[in-house]
Undergrad: 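Input: one structure, supplied below.
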Amino acid sequence: MDYNFEQIEKDWKKYWNENQVYKVTNDTSKPKCYVLDMFPYPSGAGLHVGHPLGYIASDIYARYKRLSGYNVLHPMGFDAFGLPAEQYALETGQHPVVTTEKNIARYREQLDNIGFCYDWDRQVRTSDSNYYKWTQWIFLQLFHSWYDRKENKAKPISELITKFEQSGNVGITCPGNEKLSFDAHHWNAFSEKEKRDTLMQYRIAYQGYAQVWWCEALGTVLANDEVVNGVSERGGHPVERKNMRQWFLRITEYAERLINSLDTLDWSEAMKEMQRNWIGKSSGAEVVFKVKGGEASITVFTTRPDTIFGVDFIVLAPEHTLTDIITTDAHREAVNNYVQYVKSRSERERMSEVKLVTGCFTGAYAIHPLTGKDVPVWISEYVLAGYGTGAIMAVPSGDERDHAFAKHFNIEITNIFGDKYTGQDAFSSKTGTIENSAFLSGKSIAEATEAAIQALEDEDAGERKINYRLRDAGFSRQRYWGEPFPIVYIDDIPYANDEHVISYDHNLGTLPVELPQVENYRPGPEGQGPLANLEDWVNVNIPISGNTGNDTLSFGEGRGEAIIHASRETNTMPGYAGSSWYFLRYMDPHNDSEFASRKATDYWNQVDLYIGGTEHAVGHLLYSRMWTKALYDLGHIGFDEPFKKLLNQGMIQGSTRFVYRIANTNQFVSFKKKNQYEVNEIRVDVNFVNGLELDIEAFKKWRPEYADATFIMEDDGKYICGAEVEKMSKSKYNVVNPDDIVAQYGADTFRMYEMFLGPIDISKPWDTKGIEGVHRFLKKMWRLYFDDKGLIVTNETPTDAEYRILHKTIKKISEDIERFSFNTSVSQFMICVNELAALGCHKRAILEPLAVAICPFAPHIAEELWHQLGNETSAINTTYPKFEEKYVTENSKNYPIAINGKPRTEMEFALDADAAYVESTVLTDETVIKWMEGKPLKKFIYVKGKMINVVV
RNA sequence: GCGGGUGUGGUGAAAUGGCAGACACACUAGACUUAGGAUCUAGUGCCGUGAGGCAUGGGGGUUCGAGUCCCUCCACCCGCACCA
C-alpha cells in the first residue's frame with residue numbers, strides 16, 4: 001500500500017469539514033491559547049509559497065497547544081479594504097465588492113489546500129458592513145473621548161464638558177493648542193461652533209488640517225506610494241501639496257505609554273527598536289528667544305540646554321510662520337528667493353544632498369535669554385518645519401551641522417568646551433565638562449543641563465520638554481473602498497451619528513453607515529473622494545420638530561425652517577482602521593450588539609502568539625496597540641496590549657533562473673559556456689527548471705518566439721541555468737504557487753518542507769528541489785505502518801531502544817515547538833523514522849504516539865494513520881504523547897576523553913561513577929598515557945554526563 | 001551617521017560553554033531493475049598515502065575547554081535618518 005497523499009488529504013479535509021473538527025467555542029473550562037496570523041489583503045495575484053510560511057508555523061503551534069489541553073483560538077480573515085481593488089475598479093469598472101469576493105474565494109481555496117485548522121465560522125472581513133459597523137463604532141468612541149494627561153488615560157468627552165462648565169480648562173492642557181485657556185464664564189458664553197471647535201482640539205479622533213499629494217492632471221489625491229520621484233506613478237503627472245481638512249487620531253498622546261509598555265512584550269529587540277525610533281522620544285528643553293525690537297519670540301527645542309552659552313545663531317525652518325514676520329526689509333528679497341528655492345527642492349534632492357549647506361540671514365536678531373547678547377536669526381532647509389518647534393538654537397562648537405553652517409557663512413564660533421573643541425570639528429561627544437559658560441562652567445553635562453533648565457525657568461524663558469518624532473495619525477482618505485465615517489456636518493460643524501441631533505433621524509443615527517453604490521470610482525470635486533459625487537447620499541435633511549432634547553442647537557428654528565440641512569462626511573477611513581482591532585472580533589464574531597462581549601474578550605484576552613512580517617512594524621502594530629489602549633482606558637476591554645508574543649517570519653525569496661541568448665540569435669548557451677559568447681541574460685520561469693536544468697520542451701512552448709530556439713548544452717548534454725536570489729515576484733518569473741507543490745507532493749510534505757527550510761525568522765530562498773528529502777521522509781514513515789499488502793503494525797512490546805527513540809523525539813519536538821524551532825523538529829522526526837526503520841520497528845506502542853506527535857506538522861497523514869490504527873475520533877482531539885523520563889535515562893555514558901582540550905579517545909563509564917575511580921581508570925588507559933607524553937598531570941576535569949579533560 | 005541583525009561545507013542548515021558540520025539537498029560509487037526522476041548500501045569540510053594536522057568572517061582575551069562569553073576590526077542584510 002503506497003502513500004497515496006492525494007486521496008488521504010482529500011478524504012480528511014472532507015471529514016474535518018463535515019464534522020466541524022476545528023470549531024472553537026468560548027469554553028471557559030479549559031485554559032485558553034490565542035494563536036493569530038496577520039490576516040492577508042486578498043490581492044489578485046493569489047498566494048505564493050512565501051505567504052503560508054507564518055501560517056504553517058502558527059498552525060503547528062495551535063495544533064500542538066490544542067493537543068496539549070488548551071482551548072485554542074486560531075482564526076483567519078481578510079483585510080479586504082484597500083487601494084488595489086479601487087484602482088482595479090477605476091480601470092475596469094468592476095465593483096471592488098466583486099473583485100474582493102473573487103480574490104477571497106481564491107485565497108480561501110489556496111489556504112484550505114494546505115490543511116489549516118482555522119474555524120472559518122469566525123472569519124472576519126473588514127469590508128463586511130457587520131464588521132465595519134464596529135470599526136465605525138470604535139471611531140465614535142475615540143471621537144467622544146479626550147486624553148487626560150494627569151491620569152494618563154482616555155476619558156469620555158462628556159466629563160470634559162462638565163469640567164469646562166464648572167471651571168473652564170484650567171489645569172487641563174489642550175493637546176491641540178497648549179496655549180489655549182478659558183474659564184467657565186468664557187466657556188458658557190461660547191457659541192455652539194466655538195464649543196465644538198474647542199472640543200475638537202481635545203478629541204482623540206479629531207479634525208485638523210494636513211497636506212496631501214494633489215495631482216491636478218488626475219484630479220485626485222494620491223497616497224504616498226502613488227507618488228514616485230515627485231510625479232504621479234500613474235501617468236507621471238506633476239503633483240503638489242494641498243492642505244485639506246482631515247481626520248486624525250491623537251496617537252501622540254499615547255507616545256509615552258507606547259514606549260513604556262514595549263518592555264512588557266515578548267517581541268524581538270529589532271521590532272521594539274523600530275517602534276521606539278518611530279516614536280522618537282527626546283528630552284530636553286524649549287527655550288524662548290525674544291526677537292529684538294519686536295513683539296515676536298522664537299521658541300526652539302533643544303536636547304542640549306547645557307550648551308545654551310554656546311549659542312551663536314538661531315535657525316528657523318524656511319516654512320516657519322515667523323520667517324515672514326521677522327525678516328527685515330533689507331533682507332526680504334534674499335529671504336523670499338531662498339524660500340522659493342527650498343520649495344523647488346524635492347524631498348529626494350534634500351535627502352540626497354544632506355551635506356549641502358544653504359541658508360539665508362533674515363536681518364533679525366534675537367536676544368539671548370541668559371546673556372542678553374544679540375543672536376542673528378537665519379533660515380535654512382536643514383531645520384525641518386515638522387520636527388520640534390521648527391526652530392533651533394545653533395551651537396556650532398557642539399553640533400556638526402551648526403558647525404558646518406557657521407563655517408560656511410563665517411559666523412563667529414563661541415567655544416564652550418575648552419581644549420576639546422579644536423576649531424576644526426564640532427565637539428559633539430557627550431562627555432566632559434562645559435566651559436566658558438558663566439554659572440555652568442566646570443559642570444558635567446548632566447549637571448549643566450539641570451542648572452540651565454532651572455535658570456531658564458527662573459527667567460521664564462524656557463521649560464523642560466519632551467519631544468516626540470511621532471505625528472498624529474492621518475485618518476482620512478479621499479477614496480471609495482474604505483469605511484465611511486459616521487459623521488454628518490451641520491453648518492460645517494461635524495457631528496457624530498450617535499449625537500442627539502443626528503441620531504434623532506433613525507436612518508442617520510444607526511450604524512453601520514453603509515458604503516453606498518457608486519456609478520464610477522472617479523474622485524469627487526476639489527480632491528474629495530468618490531462619495532462626494534453622490535449628491536443624494538451626501539445631502540441629508542433632518543426634521544427638527546421634536547428634535548430639541550438637550551441640544552443647545554437652534555438650527556433651523558431661527559431661520560424659519562422645519563428641517564436641518566446636513567451633509568455627510570465623504571472621506572473614508574484608511575486601510576489600518578479595520579486591521580487595528582480585528583483580533584478582538586474573532587473572539588465573538590457574530591455579536592450584533594457589541595464589537596465583542598466583555599466576557600469573550602476577558603476569556604481570550606491578549607493574543608498569546610502573533611505571527612507576521614516585519615513590514616507592519618510601525619503601522620499596523622503601532623495603531624492596534626493604540627486602539628487597544630484606548631479601548632482599555634474607556635473600559636471596553638481588560639488589557640492594554642494586544643499582542644503578548646510577536647514572531648516575525650522571514651521572507652521566502654524567489655530563486656530566479658536565467659538563460660543566456662547569444663546576441664542577435666535565437667540560440668541559447670548553457671551557463672558554464674556563456675563566457676565564450678556575447679549573451680543577453682533572460683529570466684526564465686523557474687517552474688520550467690528542475691534544479692538548474694532547463695526543461696527545454698517547456699521552455700520552447702513558453703513563448704512563440706522560443707519555439708524554434710536552439711541550444712548549446714554542457715558537455716553532459718544538459719542545459720544549465722544561472723540562478724540569483726531575488727524577491728519573489730511575478731515580473732521576475734520566480735513565483736512558485738503552493739497549489740502546484742501541494743498537487744505534486746501533498747500538503748503535508750509542503751508544510752514540513754517550509755518548516756525544514758530553516759529558522760522561521762530568517763529570510764531564505766525557495767528551492768523546490770530540496771522538497772524531495774521531506775517527501776521521502778513521509779514515504780519512509782508510511783512504510784513503518786504499511787507494506788505492499790497493508791497494515792503491518794503489531795502489538796509486540798517495544799524494546800528499550802525503541803522507547804528511547806520515541807521519547808527522545810517527543811521531548812525534542814515539544815521543546816522545539818515551544819521555542820519556535822520548527823526546522824529542528826522536522827529533523828528530529830527524520831532521525832526518529834530513520835532509527836525506527838533501521839530497527840525494523842512496526843509496533844503500535846511506538847507508532848501510535850508517533851502519529852499523534854506529527855499531527856501538528858502533517859495533519860493529513862497523521863489522521864490517516866491514527867484511523868488506520870483503529871481510532872474513531874480525530875487525531876486532533878486526542879492528547880499529545882507524554883514524555884516519560886524513564887525511557888530516556890541511561891545509566892552509562894560514552895565519555896569523550898580530551899587531553900589538553902583535544903578529544904583523543906572515548907571511554908564508557910556509569911553515570912554515577914565515582915570521580916576517583918574515573919580518574920584512575922582514565923589515567924591508566926593506554927591511549928591517554930600515549931597522549932600525555934609523559935608530562936605530569938596538572939588537573940583532571942570530569943564533568944558528569946558531558947566529558948573528561950586531562951590537563952598536563 | 002544611528003539602531004537592530006547575520007557571518008559555520010558546493011547548498012539549506014545543526015550545536016543548555018563540553019567530540020563542529022546533526023538532519024536534508026546536491027554530488028560520487030555500488031546494489032536491485034527493461035528502465036529510473038522508485039528503493040536500498042557506502043562515501044562526501046580542507047590538507048595529508050598515513051599517523052595526524054587545520055577549520056565556524058579577521059585579530060585579541062576569559063576558560064581545563066569557545067561557533068557559543070568579552071573586546072576590537074571587517075563584510076553583508078534590515079530599519080531610521082539634516083530629528084536639533
Side-chain angles (χ1 to χ4, degrees), chain A residues 2 268-278 280-282 284 287 300-304 307 314-315 317 350-351 353-358 380-384 386-395 398-402 404-405 428 467-469 614-615 617-618 648 650-651 655 690-693 723 752-753 756-759 761-774 776-777 779-780 783 815 821 823-834 837 894-906 938-943 945-952:
Chain A
D2 280 342
S268 74
E269 207 41 52
M271 217 57 179
K272 291 184 184 183
E273 270 308 305
M274 268 190 248
Q275 293 219 336
R276 286 193 198 104
N277 287 342
W278 190 258
K281 178 180 179 176
S282 54
V287 184
V300 304
F301 173 71
T302 177
T303 55
R304 295 291 303 275
T307 63
I314 281 180
V315 189
R350 285 178 73 155
M351 299 248 272
E353 295 166 356
V354 165
K355 292 264 145 61
L356 191 69
V357 179
T358 67
S380 172
E381 60 181 330
Y382 85 90
V383 175
L384 307 175
Y387 183 76
T389 60
I392 62 158
M393 56 179 227
V395 182
D399 181 280
E400 281 169 34
R401 288 151 311 158
D402 297 348
F405 195 87
S428 54
N467 195 43
Y468 299 95
R469 200 185 73 101
T614 54
E615 66 273 20
V618 293
N648 300 112
M651 244 197 329
S655 186
N690 180 19
L692 291 174
E693 189 188 348
M752 291 195 90
Y753 182 55
F756 189 62
L757 277 174
D761 51 346
I762 301 292
S763 289
K764 57 243 155 190
W766 175 265
D767 171 20
T768 301
K769 193 87 180 156
I771 201 168
E772 303 277 357
V774 174
R776 267 190 281 245
F777 150 73
K779 283 194 282 191
K780 192 167 183 180
R783 287 197 303 274
E815 288 170 356
S821 176
N823 56 329
T824 51
S825 307
V826 177
S827 298
Q828 182 58 39
F829 278 120
M830 289 174 171
I831 293 167
C832 178
V833 165
N834 287 345
N894 203 15
Y895 284 90
I897 315 284
I899 318 295
N900 280 346
K902 285 240 177 290
R904 296 299 182 184
T905 182
E906 290 181 351
K938 228 193 235 165
K939 200 168 174 185
F940 188 86
I941 292 162
Y942 166 50
V943 187
K946 295 282 186 199
M947 60 113 61
I948 290 160
N949 193 6
V950 181
V951 188
V952 294

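Proteins come first, then strands; the chains are lettered A, B, ... in the order of their sequence lines, and each starts at number 1. Every value quoted in this text rests on a predicted model; they were computed, and no experiment measured them.
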Undergrad: Only pairs with both distances under 3.5 Å count, Watson-Crick or wobble alike; so what is the partner of C46(B) in this structure?
TA: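 Pair assignment: C46(B) / G53(B).
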Undergrad: Ignoring hydrogens and angles, state whether a donor on the side chain of Tyr753(A) or Asp767(A) is under 3.5 Å from an acceptor on the partner side chain.
TA: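 Judged by distance alone, the side chains do not pair up.
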Undergrad: Are Trp766(A) and Ser655(A) packed together at the side-chain level, in the sense that at least one heavy-atom pair is separated by less than 4.5 angstrom?
TA: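 SC-SC contact between Trp766(A) and Ser655(A) ruled out.
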Undergrad: As a test of reading the structure: which of A22(B), C83(B), G3(B) is closest to the side chain of Glu273(A), going by heavy atoms?
TA: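 Between A22(B), C83(B), G3(B), the one nearest the side chain of Glu273(A) would be G3(B).
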Undergrad: What's the CG-C1' distance between Asn949(A) and C19(B), to the nearest Å?
TA: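 It works out to 12 Å between those atoms.
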Undergrad: For Ala837(A) and Lys780(A), work out which heavy atoms get closest and say how close.
TA: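 Result for this residue pair: CB-CE, 3.8 Å.
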Undergrad: Counting Watson-Crick and G-U wobble pairs only, both distances under 3.5 Å, name the nucleotide matched with G18(B), or none.
TA: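 C64(B) is the nucleotide pairing with G18(B).
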Undergrad: Can you tell me how far P of A14(B) sits from CD1 of Ile762(A), to the nearest Å?
TA: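 Nearest whole value for this atom pair: 8 Å.
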Undergrad: Take Tyr387(A) and Asn467(A) through the test side-chain contact (heavy atoms from CB on, under 4.5 Å) and record every step on the way to the result.
TA: CA-CA 9 Å; Tyr387(A) 183 76; Asn467(A) 195 43; 3.3 Å; yes
Undergrad: As a test of the definition: with a 90° window around 0 for syn, would you call G9(B) syn or anti?
TA: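 Nucleotide G9(B) adopts syn.
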Undergrad: Of the nucleotides A84(B), A13(B), C82(B), which one has an atom closest to the side chain of Val383(A)?
TA: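 Nearest to the side-chain atoms of Val383(A), counting from C-beta on, is A84(B).
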Undergrad: Pick out which of Val952(A), Asn949(A), Val951(A), Val950(A) makes a side-chain contact (heavy atoms from CB on, under 4.5 Å) with Phe940(A).
TA: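 Exactly one candidate clears the test, Val950(A).
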Undergrad: Looking only at side-chain atoms of Met830(A), point me to the closest of A24(B), A84(B), G18(B).
TA: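 Within the option list, the nearest is A24(B).
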Undergrad: Does a nitrogen or oxygen in the side chain of Lys779(A) sit under 4.0 Å from OP1 or OP2 of U39(B)?
TA: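 For U39(B), OP1/OP2 do have a side-chain N/O of Lys779(A) under 4.0 Å.
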Undergrad: Quick check on C83(B): is either OP1 or OP2 less than 4.0 Å from any side-chain nitrogen or oxygen of Arg401(A)?
TA: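 Yes, Arg401(A) has a side-chain N/O under 4.0 Å of OP1/OP2 on C83(B).
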Undergrad: Return whichever of Asn834(A) or Pro896(A) has its heavy-atom-nearest nucleotide of RNA chain B closer to the 5' end.
TA: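 Looking at the nearest nucleotide for each, Pro896(A) comes out on the 5' side.
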Undergrad: Using a cut-off of under 3.5 Å, enumerate the N/O to N/O pairs linking the protein to nucleotides 74-79 of chain B.
TA:
none

Undergrad: Of all the choices, C64(B), C23(B), G4(B), which nucleotide is nearest to the side chain of Ala270(A) once you look at every atom?
TA: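 The closest nucleotide is G4(B).
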Undergrad: What is the distance, rounded to the nearest whole Å, between atom CZ of Arg304(A) and atom P of A84(B)?
TA: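 Spelled out: CZ on Arg304(A) to P on A84(B) is 11 Å.
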Undergrad: What nucleotide among A84(B), A14(B), C54(B) has an atom nearest to a side-chain atom of Lys902(A)?
TA: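 Taking heavy atoms from C-beta onward, the closest nucleotide is C54(B).
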Undergrad: Whole angstrom is fine here: how far is it from CD1 in Ile948(A) over to P in C19(B)?
TA: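 Rounded to whole Å, this separation is 13 Å.
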Undergrad: Heavy atoms under 4.0 Å, any strand shown: does Pro765(A) hit a base, just sugar-phosphate, or nothing?
TA: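 It contacts nothing in the nucleic acid.
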Undergrad: Look at the side-chain N and O atoms of Asn823(A) and state whether any lies under 4.0 Å from the OP1 or OP2 oxygen of A14(B).
TA: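 Checking Asn823(A) against A14(B): at least one side-chain N or O falls below 4.0 Å of OP1 or OP2.
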Undergrad: Looking only at atom C1', what distance separates A26(B) and G10(B), rounded to whole Å?
TA: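 These two C1' atoms come out 8 Å apart once rounded.
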Undergrad: Send over the distance from Glu815(A) CD to A22(B) P, rounded to a whole Å.
TA: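 Taking atom P of A22(B) as the reference, CD of Glu815(A) is at 21 Å.
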Undergrad: I'd like to know if Arg276(A) and Glu269(A) make a salt bridge, using a cut-off of under 4.0 Å between side-chain N and carboxylate O.
TA: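 A salt bridge links Arg276(A) with Glu269(A).
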Undergrad: Considering only heavy atoms from C-beta outward, does the side chain of Asp399(A) approach that of Ile392(A) to under 4.5 Å?
TA: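 Not touching, per the 4.5 Å side-chain cut-off.
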Undergrad: Looking only at atom C1', what distance separates U63(B) and C69(B), rounded to whole Å?
TA: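 Rounded to whole Å, the distance is 10 Å.
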Undergrad: Does the side chain of Arg904(A) get closer than 4.0 angstrom to OP1 or OP2 of A51(B) through an N or O atom?
TA: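 No.
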Undergrad: Return yes when atom CD of Glu615(A) has more than 12 non-hydrogen atoms of other residues, nucleotides or ligands closer than 6.0 Å, and no otherwise.
TA: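 Counting other residues, nucleotides and ligands, CD of Glu615(A) exceeds 12 neighbours.
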Undergrad: Is Val774(A) close to Met830(A) at the side-chain level, that is, under 4.5 Å between some pair of heavy atoms?
TA: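 When only atoms from C-beta onward are counted, Val774(A) and Met830(A) do touch, with a gap below 4.5 Å.
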Undergrad: Hey, is the main chain of Gly945(A) close enough, under 3.5 Å, to the side chain of Tyr895(A) for a donor-acceptor pair?
TA: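 Judged by distance alone, yes, a pair lies under 3.5 Å.
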Undergrad: By the 4.0 Å heavy-atom rule, please label Ile831(A) as base, sugar-phosphate, or nothing.
TA: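 Ile831(A): backbone/sugar contact only, no base atoms under 4.0 Å.
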Undergrad: What integer number of Å spans the C1' atoms of G61(B) and U11(B)?
TA: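 Looking at atom C1' only, G61(B) and U11(B) are 34 Å apart.
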Undergrad: Looking only at atom P, what distance separates G7(B) and A14(B), rounded to whole Å?
TA: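 Nearest-Å result for G7(B) against A14(B) at atom P: 9 Å.
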Undergrad: With heavy atoms under 4.0 Å as the rule, sort Gln828(A) into base, sugar-phosphate or nothing.
TA: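 The residue Gln828(A) makes no contact with any strand.
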Undergrad: Across the strands shown, which category fits Val951(A) at heavy-atom distances under 4.0 angstrom: base, sugar-phosphate, nothing?
TA: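 Contact class for Val951(A): sugar-phosphate only.
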Undergrad: Hunt down the Watson-Crick or G-U wobble partner of A31(B), both distances under 3.5 Å, from any strand shown, or write none.
TA: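 U39(B) - that is the nucleotide pairing with A31(B), both distances being under 3.5 Å.
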Undergrad: What interatomic distance, in whole Å, is found between C1' of A38(B) and the corresponding atom of U33(B)?
TA: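 Rounded to whole Å, the distance is 10 Å.
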Undergrad: I want to confirm an ordering. Mapping Gly901(A) and Lys764(A) to their closest nucleotides on RNA chain B, which one lands closer to the 5' end?
TA: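 The residue mapped nearer the 5' terminus is Lys764(A).
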Undergrad: Is there a side-chain contact (heavy atoms from CB on, under 4.5 Å) between Arg904(A) and Ile897(A)? Walk through the geometry before answering.
TA: CA-CA 6 Å; Arg904(A) 296 299 182 184; Ile897(A) 315 284; 5.9 Å; no
Undergrad: Reckon Lys769(A) has a side-chain N or O less than 4.0 Å from the OP1 or OP2 of C25(B)?
TA: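 For C25(B), OP1/OP2 do not have a side-chain N/O of Lys769(A) under 4.0 Å.
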Undergrad: Please state the C1' separation for the pair A55(B) and G45(B) - nearest whole angstrom.
TA: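 After rounding to an integer number of Å, I get 8 Å for this pair.
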Undergrad: Given that both distances must come in under 3.5 Å, which nucleotide forms a Watson-Crick or G-U wobble pair with G1(B)?
TA: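 Base-paired to C80(B).
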Undergrad: Pick the C1' atom in G18(B) and in G9(B), then give their distance to the nearest Å.
TA: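 One C1' to the other, the span is 23 Å.
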Undergrad: Whom does G7(B) pair with, Watson-Crick or G-U wobble, provided both distances fall under 3.5 Å?
TA: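 Partner of G7(B): C74(B).
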Undergrad: Got a list of protein N/O to nucleotides 40-43 of chain B N/O distances below 3.5 Å?
TA:
from, atom 1, to, atom 2, distance (Å)
C40(B), OP1, Arg783(A), NH2, 3.2

Undergrad: Provide the distance between the two P atoms, one in G21(B) and one in C71(B), to the nearest whole Å.
TA: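 Here G21(B) and C71(B) have their P atoms 29 Å from each other.
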Undergrad: Round to the nearest Å and state the distance from Trp278(A) atom CH2 to C80(B) atom P.
TA: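 Rounded to the whole Å, the gap is 7 Å.
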Undergrad: Mind checking Leu384(A) for me? I need base, sugar-phosphate or nothing, with any heavy atom below 4.0 Å counting as a touch.
TA: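 Base contact - Leu384(A) has a heavy atom under 4.0 Å of at least one base atom.
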Undergrad: Whole angstroms only, please: what is the CZ-P distance between Phe756(A) and C23(B)?
TA: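 Atom-to-atom, Phe756(A) to C23(B), this comes out as 10 Å.
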Undergrad: Under 4.0 Å, heavy atoms only, any strand: does Glu400(A) hit a base, just the sugar-phosphate, or nothing?
TA: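 No contact.
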Undergrad: Output the distance between atom CE (Met947(A)) and atom OH (Tyr942(A)), rounded to the nearest 0.5 Å.
TA: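 Interatomic distance, Met947(A) CE to Tyr942(A) OH, rounded to 0.5 Å: 13.0 Å.
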Undergrad: Yes or no on side-chain contact (heavy atoms from CB on, under 4.5 Å) for Asn648(A) and Met271(A), after CA distance, side-chain angles and deciding distance?
TA: CA-CA 9 Å; Asn648(A) 300 112; Met271(A) 217 57 179; 3.5 Å; yes
Undergrad: Atom OH of Tyr942(A) to atom P of G18(B): distance rounded to whole Å?
TA: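 Going from OH in Tyr942(A) over to P in G18(B) covers 17 Å.
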